[in-house]
Undergrad: 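For reference, the structure I am asking about is given below.
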Amino acid sequence: MRTIKEYHLSNSTEFKEKLLSWSNQFDEIAWMDSNKYPQKTSNFDQILAVQAFTAIKTDAHGAFDRLGEYQESTRDWIFGYLSYDLKNDVENLTSNNFDGLQFPDLYFFQPAKIFLIKGDKLELHYLKMVDDEMDDDFEEINRYEIGDVGCESMADRKGGIENREESKEEREEKTEKREERKDNREELRENRQETEAINARISQGSYLQKVNKLLSYIHRGDIYEANFCQEFYAEKIEIDPIGVFEKLNKISSSPFAAFLKLEKNYLLSASPERYLKKEGLKIISQPIKGTARREIDKVEDAKIAEALSKDSKEVSENVMIVDLVRNDLSKIAKRGSVKVEELCKVYSFKQVHQMISTISAELDPQISPVEVLRATFPMGSMTGAPKISAMKIIEELEETKRGLYSGAVGYFTPDGDFDFNVVIRSILYSSENKYVSFSVGGAITSKSIPELEYEECLLKAKAMRDSLNSKFERN
């Protein structure tokens with residue numbers, strides 16, 4: 001089905017920058033970047049998938065069944081996302097809150113072209129019908145100047161899939177046209193990215209009231225913990241998605257960063273969290289619970305990290321979610337195989353320290369890849385405990401449909417392996433609706449102090465706000 005070809009990269013950092021910019025000519029882009037963060041469980045430094053050959057998009061009803069059929073029928077690489085609201089396909093739940101973005105609840109595509117980067121090694125995995133473009137694409141990317149805007153239409157590209165008679169001269173003519181129509185990216189940012197003040201969907205006063213309401217549910221024994229989120233947004237706005245993503249990624253340099261362009265819908269993600277990875281029969285989940293700020297002074301920074309590791313509230317939040325994940329994994333794992341490999345370890349990222357646990361399990365061979373996701377979705381770190389009760393209360397108190405926020409982005413391999421992040425620390429953008437949104441949240445437990453939870457939300461929002469060059473208006 002695919003032709004695989006390997007290339008050597010003389011400068012992988014420069015090639016990575018050119019590759020993402022070059023990809024902008026396509027209507028479907030999935031870019032995943034580990035930012036070379038030191039971790040044992042990463043197979044690639046970067047992955048780029050472009051140009052949909054086939055695709056599936058749907059609302060929540062029957063979504064996992066449809067995804068399972070699509071994954072089974074393609075038996076190929078597929079890339080895409082699961083929105084948080086697929087909870088409604090797993091349980092008898094609803095999503096009735098405001099939705100300014102209106103993304104499909106699920107979207108996956110089978111790319112014509114895939115680029116896998118590890119160190120100075122590049123692998124191209126192209127469908128047979130476009131494999132004669134491998135060398136030309138590699139040369140074009142190397143010639144690419146940062147600041148070029150890919151201008152070839154998707155109609156041109158799809159025509160290229162259907163008609164392989166395009167000559168070298170015609171390809172060169174297209175390249176010349178792109179050069180002639182090249183925009184200055186800095187000018188684009190200046191003209192289109194004068195972001196108005198970001199608005200809070202929930203006022204500070206309302207946030208405090210809602211957290212106190214959550215605490216009353218906890219004290220009454222309805223739930224032990226819930227992840228409560230709030231949206232920040234801007235309307236009637238245009239941004240340069242790749243430019244904003246590059247800035248966000250530079251600020252955060254997170255291990256599960258992702259950029260999606262699916263028609264007119266965009267995800268710009270600096271996620272530090274893995275939802276779930278399957279490799280062979282091994283499953284791992286790495287939930288995050290526990291956040292603390294970074295300091296420039298190394299001594300003070302180390303003290304903050306140490307304090308986080310000993311914070312009883314943060315540790316209890318993390319342990320509760322670990323127990324929830326263990327329970328979810330037990331549904332699809334071989335009996336006795338669920339293990340906590342690492343509990344409440346503090347990892348440091350550019351913006352914050354995070355407390356992360358790692359849980360693994362051996363998969364029952366009779367369980368399909370999509371069933372693994374269905375059994376564990378949504379992830380415990382973004383819901384609460386007990387999970388269903390927490391999700392009902394979340395829907396009652398939050399004012400925005402979460403959509404892709406707190407969902408998952410990732411890919412399936414032809415062998416049925418997969419890797420998905422948790423969509424947090426992310427900006428969502430609809431170029432059709434001219435609507436920009438990012439949400440942040442935190443775990444509310446009996447030990448939560450509403451005012452401190454609000455300040456933690458602002459800390460988590462800082463990188464997105466800075467990436468948009470925006471002011472923040474409290475209301």
Side-chain angles (χ1 to χ4, degrees), residues 84 95-100 196-235 288-293 304 307-308 311-318 320-321 351-355 378 380-387 389-403 405-406 424-428 436-466 468 470-475:
Y84 170 81
S95 298
N96 298 314
N97 290 324
F98 173 78
D99 180 11
E196 298 175 3
I198 294 288
N199 300 297
R201 179 69 58 190
I202 301 174
S203 70
Q204 183 176 4
S206 179
Y207 176 90
L208 299 179
Q209 289 176 357
K210 287 172 180 287
V211 172
N212 278 316
K213 178 69 172 176
L214 255 176
L215 287 170
S216 72
Y217 282 122
I218 291 170
H219 294 147
R220 199 170 68 186
D222 295 335
I223 54 173
Y224 307 110
E225 176 179 343
N227 188 281
F228 180 62
C229 302
Q230 58 175 318
E231 181 197 25
F232 300 92
Y233 69 97
E235 299 176 290
I288 289 178
K289 271 290 166 274
T291 304
R293 72 182 190 280
I304 291 172
L308 175 61
D311 187 312
S312 61
K313 172 187 173 293
E314 305 286 9
V315 169
S316 65
E317 287 178 10
N318 197 294
M320 274 191 269
I321 297 307
Q351 293 285 299
V352 291
H353 300 291
Q354 301 276 197
M355 187 181 290
S381 62
M382 298 306 296
T383 53
K387 185 188 272 190
S389 296
M391 288 191 289
K392 289 178 179 178
I393 292 170
I394 286 167
E395 174 69 16
E396 173 196 335
L397 295 177
E398 291 182 357
E399 295 189 8
T400 306
K401 179 182 176 182
R402 288 194 183 180
Y405 171 70
S406 75
I424 55 175
R425 320 293 159 80
S426 301
I427 297 167
L428 299 168
V436 172
S437 169
F438 62 87
S439 295
V440 290
I444 308 302
T445 69
S446 61
K447 297 181 180 179
S448 292
I449 299 171
E451 291 78 8
L452 295 182
E453 296 294 340
Y454 187 80
E455 292 303 318
E456 182 177 313
C457 284
L458 298 188
L459 172 64
K460 292 174 177 176
K462 186 177 186 304
M464 284 87 76
R465 196 171 66 243
D466 290 348
L468 291 164
S470 62
K471 298 176 182 177
F472 170 63
E473 290 189 348
R474 300 195 188 206
N475 54 14

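Positions are given from 1 along the sequence.
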Undergrad: Ignoring hydrogens and geometry, is there a side-chain-to-backbone donor-acceptor pair from Asn212 to Leu208 under 3.5 Å?
TA: yes
Undergrad: A quick test of your reading: do over 12 heavy atoms of other residues, nucleotides or ligands sit less than 6.0 Å from OH of Tyr233?
TA: yes
Undergrad: Looking at Lys392 and Glu396, does any basic side-chain N land under 4.0 Å from a carboxylate oxygen?
TA: no
Undergrad: Using every non-hydrogen atom in the two residues, find where Pro378 and Lys387 come nearest and quote the distance to one decimal.
TA: O-NZ, 2.6 Å
Undergrad: Are Pro450 and Leu215 side-chain neighbours, meaning at least one heavy-atom pair lies under 4.5 Å?
TA: yes
Undergrad: Counting only N and O atoms by type, is there a donor-acceptor contact under 3.5 Å from the side chain of Ser426 to the main-chain atoms of Ile424?
TA: yes
Undergrad: Can you give each donor-acceptor pair under 3.5 Å made by side-chain atoms of residues 437-445, sequence neighbours left out, with the distance rounded to 0.1 Å?
TA:
unit_1, atom_1, unit_2, atom_2, d
Ser437, OG, Glu231, OE2, 2.8
Thr445, OG1, Lys447, N, 3.3

Undergrad: Which pair of non-hydrogen atoms, one from Asn97 and one from Thr400, has the smallest distance, and what is that distance?
TA: CB-C, 3.5 Å
Undergrad: Is there a side-chain contact between Lys401 and Tyr84 (heavy atoms, below 4.5 Å)?
TA: no
Undergrad: Can you list everything that forms a salt bridge (charged side-chain N to carboxylate O under 4.0 Å, His left out) with Lys460? Sequence neighbours excluded, please.
TA: Glu456
Undergrad: What is the minimum heavy-atom distance between Asn227 and Ser381, and which atoms define it?
TA: ND2-O, 3.2 Å
Undergrad: Please determine if Lys289 and Glu225 form a salt bridge, counting it only when a charged side-chain N lies under 4.0 Å from a carboxylate O.
TA: no
Undergrad: So which atom in Glu398 and which in Cys229 form the shortest heavy-atom distance, rounded to 0.1 Å?
TA: OE2-N, 2.8 Å
Undergrad: Is there a donor-acceptor pair under 3.5 Å between the side chain of Glu395 and the backbone N or O of Asn96?
TA: yes
Undergrad: Can Ile394 and Arg402 be said to form a side chain to side chain contact (heavy atoms under 4.5 Å, CB included), step by step?
TA: CA-CA 10 Å; Ile394 286 167; Arg402 288 194 183 180; 3.5 Å; yes
Undergrad: Just wondering, do Arg425 and Gln351 contact through their side chains at under 4.5 Å, heavy atoms?
TA: no
Undergrad: Going by heavy atoms in the side chains, are Arg465 and Phe232 under 4.5 Å from each other?
TA: no
Undergrad: Can you find a heavy atom in the side chain of Ser389 that is under 4.5 Å from one in the side chain of Asp222?
TA: no
Undergrad: Going through the checks in order, is the side chain to side chain contact (heavy atoms under 4.5 Å, CB included) test met by Ile393 and Phe228?
TA: CA-CA 9 Å; Ile393 292 170; Phe228 180 62; over 6 Å; no
Undergrad: Looking only at non-hydrogen atoms, find the nearest pair between Met355 and Leu308 and report the distance.
TA: CE-O, 3.0 Å
Undergrad: Rounded to the nearest 0.5 Å, what's the gap from CD1 on Ile288 to CD on Glu317? Could you check?
TA: 12.5 Å
